[in-house]
Every structure is written in C-alpha cells, then in structure tokens.
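Structure first, commentary second.
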Amino acid sequence: MSDNANTRVVVGMSGGVDSSVTALLLKQQGYDVVGIFMKNWDDTDEFGVCTATEDYEDVARVCHQLDIPYYSVNFESKYWDKVFQYFLDEYQAGRTPNPDVMCNKEIKFKAFLDHAMGLGADYLATGHYARVRERDGQVEMLRGVDRNKDQTYFLNQISSDILPKIMFPLGELDKQEVRDIAKEHDLATATKKDSTGICFIGERNFKDFLSEYLPAQPGQMQTLSGEVKGEHDGLMYYTIGQRQGLGIGGAGDPWFVVGKNLDDNVLYVGQGFHHDALYSDALLAVDVNWLVDQDLSEPFTCTAKFRYRQQDSGVTVYPNADGTVQVKFDEPERAITPGQAVVFYDDDLCLGGGTIEEAYRHEEPLAHLA
Ligand SMILES: Nc1ncnc2c1ncn2[C@@H]1O[C@H](COP(=O)(O)OP(=O)(O)OP(=O)(O)O)[C@@H](O)[C@H]1O
C-alpha cells in the first residue's frame, strides 16, 4: 500500500470530463478518493427533467468505473444567498458581476471545502486548470500550463489560507491530454461536451432568464452628447463595450455600448470598436484579496487581466490604506467593466485580485463607465 492510501482526497465532481479525470489520476496515485457532487441550483423543467440529475448520474457512472465512493450534497440555499443574490444585486446596480468568482470564493472553496474537511478529508481536489506549489514554506497558486484553459482568473478571491488543502491535478496538463486520458480509460464522460456559460443559466437566453427575476426598465439610448438613437430594454441587459443587440443601423461604423447613466436610465452608445469613451488609463479595485505575502507599503509593477479572455497587460499597483488599490495601466485599456475582476500576476504566479469599482482617465473617474 502506498503512503497515499492514508490520505483522503475529496474530489468535487460535476459530471464533466475534467473532474472525472481528476478523480482518475488521484485514484491511480493511490489516494483514498471520495467523489462528491454539489447540487447548487434546481433547474427542473416542466417535464421534470433536471440537468443536475443527469450530471449526478454521470458522476455515479464514473465513480463506479473507478471504484470510489460518491454522493451528493445540497448547497442550493447557500448558493442562492451568496452567489445568486449577489448576481441579481450587481445587475440591478448596473454592473456586470462574475458569479463564477463568487461561487469559487463562497461555495466551492469555503462551504464545500468545510464539508469535505468535516468528512476527514486531507485535501479537496477539483478539475480547475491551475496549479498549486510550495515555495519557501508558502503555498502559491500558478496558472495552469494550458494557457488557453487557465482558470486562475476565476480563483482570485479564494483565501490564501486554504491553498495548502487544495489539489488541482489537471494543472500540468492541457485539455487535449485530459480528453485523451478519459478516452484511454473509457470514462463514461470522455466525450461529454464542455459546459458553457453561467451554470444556472445554462443554454437559456440570458435576457429571458434575467427578466424572470428583475423588472426591466426600458429607456433611451443616447450618444454622450445627448442625441437620442433609440430605446434600450433595460440597462442590466447591456455590458460596456458590447455590440450585439443595439439595433441601431445606418451609415458608418457599428455602434457599441460606451456607458450607462443609472440615475436617468440612459444607455450611452457610440460608433466604432475603438470609441474614445471606452478607453481608460486606471481603475480602482475593491475587495482585494492577496494570495501571496505582498509588500503593500509601496507601489509595484506586475501584469493584470481585466477579463477572462485577455492577454496580460502591464500595470502599476498603488495600494491604498483602506485595502483597495489604484491600478495604472501601461497602455490605455478598452471597456474596463465595473463588477468584473482584475487579477494580478507575476509571470505564472497569481498574486491575487479584486473587483473593478471604477475606471479613470487623467485621474478623473469616468462616470459613464461606473
Ligand atoms: N456541481 C459540482 N459539484 C462538485 N464539484 C463541482 C461542481 N461543479 C464544478 N465542480 C468542480 O469545479 C471544477 C471546475 O468547475 P467548472 O464549472 O469550471 O467545470 P469544468 O471546467 O467544466 O469541469 P468539468 O469538466 O469537471 O465539468 C470542476 O472540475 C469540479 O471539480
């Protein structure tokens, strides 16, 4: 028996290929593996069909194949309070929330982790594409080697205290290798499609979904100089920099959302992807979480991502006494979006991140982006 046999690892299993391979790899390494499926959302349709039931059946199939115990836990009410309520509040405030970031912070790596530890687990493992490593007595989080799948952006708010209890076995692999491993071992989920979009919305239309929970308040679409260009369906349906769904035709460049005025319920629009109003040179981040022992006594340079699908940009971080940070960009950035995450890196090392509160140009807040 290997030493690992005495180490219990709870694997968060979603019924997808990534967490299936995570469980497989740990089992191969001889760990005492337990698979747990979390039910966070009741999406039972009018026919009584629920994707969570189907996903749990996939978890069961894979766990039978691997000969590991498995079961399901229900976090629906916690998820509603901590993730869904935040999601609605942010949209109501005209911002663009990131429920995946909140789910990792409050559910997967807090409530679920506590649950796993309560079962005598030594570690919680998930199929995230990220890495943890120990260096000089500190446990750090690094980007997954598959740069295209790296999920550290969504993990920026987890507490550094819990890193020693986390395993990300897929961090050294790329997605194709994970699929190949699943096929090679004939796992029931080997050819299952990757889930897309926000988990509780699934394949549904975003606008229809949101309108079930928040009353839509139509208003005017205007240019920043006040020219009326049409009607919007409700400010919450639009994100800074978005092109689709404006329905403004005519000559010249396409139209984009360049801002919002919540007080007057006005959506600002402008022509051209590179519309000047979309550009800022700094931002204020709140709810800043550090994953390393960062010296905050003076400004420092690093790289940052302001959205998931983005190359890193060079920035200087100016820590404030209240824990917030001012972030100055080396080059102007397009469509900085309040509510989204800003995540800081030193090469592959994830330093931490925060929530974008406000964008600035020449030290002045850009009110229309707030
Ligand atoms: N319902 C769930 N129950 C338990 N763990 C989950 C659940 N959903 C996600 N996880 C864990 O979080 C990881 C990342 O979740 P994400 O939603 O990004 O899934 P994914 O990349 O599509 O992975 P998978 O292929 O395993 O579904 C999963 O690999 C899994 O370990």
Side-chain angles (χ1 to χ4, degrees), residues 9-27 33-43 50-63 66 68-76 78-79 83 98-116 119 121 123-132 141 144 146 148-158 162 165-171 173-183 187-203 308-309:
V9 185
V10 162
V11 179
M13 297 193 69
S14 62
V17 65
D18 292 333
S19 45
S20 303
V21 171
T22 302
L24 168 82
L25 295 175
L26 293 167
K27 171 81 181 178
V33 181
V34 179
I36 305 187
F37 174 78
M38 250 188 318
K39 186 163 185 248
N40 292 334
W41 191 258
D42 186 359
D43 65 351
C50 169
T51 50
T53 311
E54 293 163 10
D55 288 337
Y56 187 50
E57 284 167 6
D58 284 331
V59 170
R61 282 189 199 105
V62 171
C63 291
L66 300 179
I68 59 172
Y70 65 93
Y71 63 99
S72 154
V73 286
N74 192 311
F75 281 113
E76 274 172 65
K78 191 150 237 153
Y79 189 88
V83 182
N98 200 319
D100 288 335
V101 171
M102 197 53 94
C103 178
N104 284 330
K105 174 182 180 170
E106 294 290 346
I107 307 294
K108 286 182 187 155
F109 296 97
K110 193 178 275 175
F112 188 55
L113 174 75
D114 286 348
H115 181 81
L119 294 171
Y123 294 96
L124 171 67
T126 66
H128 284 98
Y129 288 81
R131 288 174 287 164
V132 279
M141 181 169 77
D146 185 342
N148 205 29
K149 289 292 295 181
D150 168 49
Q151 287 174 306
T152 49
Y153 181 81
F154 300 108
L155 294 166
N156 80 83
Q157 290 285 319
I158 69 174
I162 62 147
K165 297 177 188 151
I166 301 300
M167 284 181 171
F168 296 133
L170 305 191
L173 302 174
D174 63 36
K175 180 80 192 199
Q176 192 52 49
E177 288 176 289
V178 171
R179 285 236 175 250
D180 291 346
I181 294 171
K183 281 194 193 130
L187 291 183
T189 50
T191 55
K192 191 166 169 178
K193 246 181 52 202
D194 282 347
S195 52
T196 51
I198 299 171
C199 63
F200 48 81
I201 303 185
E203 304 298 318
Y308 178 48
R309 291 258 166 242

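Note that ligands are numbered from 1 as they come in the structure, with each ligand's atoms numbered from 1 the same way. Reckoned from all heavy atoms, side chains included, excluding hydrogens, waters and symmetry mates. For the single chain, residues carry numbers from 1 onward in sequence order.
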*State whether a side-chain donor-acceptor pair under 3.5 Å links E76 with N74.*
yes

*Of D150, D18, D146, which meets side chain to side chain donor-acceptor pair (under 3.5 Å) against Y129?*
D18

*Identify the residue among Y71, Y70, Y56, F75 that makes a ring pair (Phe, Tyr, Trp, His ring centres under 6.0 Å) with F37.*
Y56

_From CZ (R179) to OG1 (T189), nearest 0.5 Å_ = 8.5 Å

_Spacing of M141 atom CE and H128 atom NE2 [to the nearest 0.5 Å]_ = 9.5 Å

_Students often mix this up, so state it plainly: with edges at 30° and 60°, are the rings of Y308 and F154 parallel, tilted or perpendicular?_
tilted

*Protein residues near ligand 1, heavy-atom distance below 4.0 Å?*
G12, M13, S14, G16, V17, D18, S19, I36, F37, M38, K108, T126, G127, H128, Q151, S195

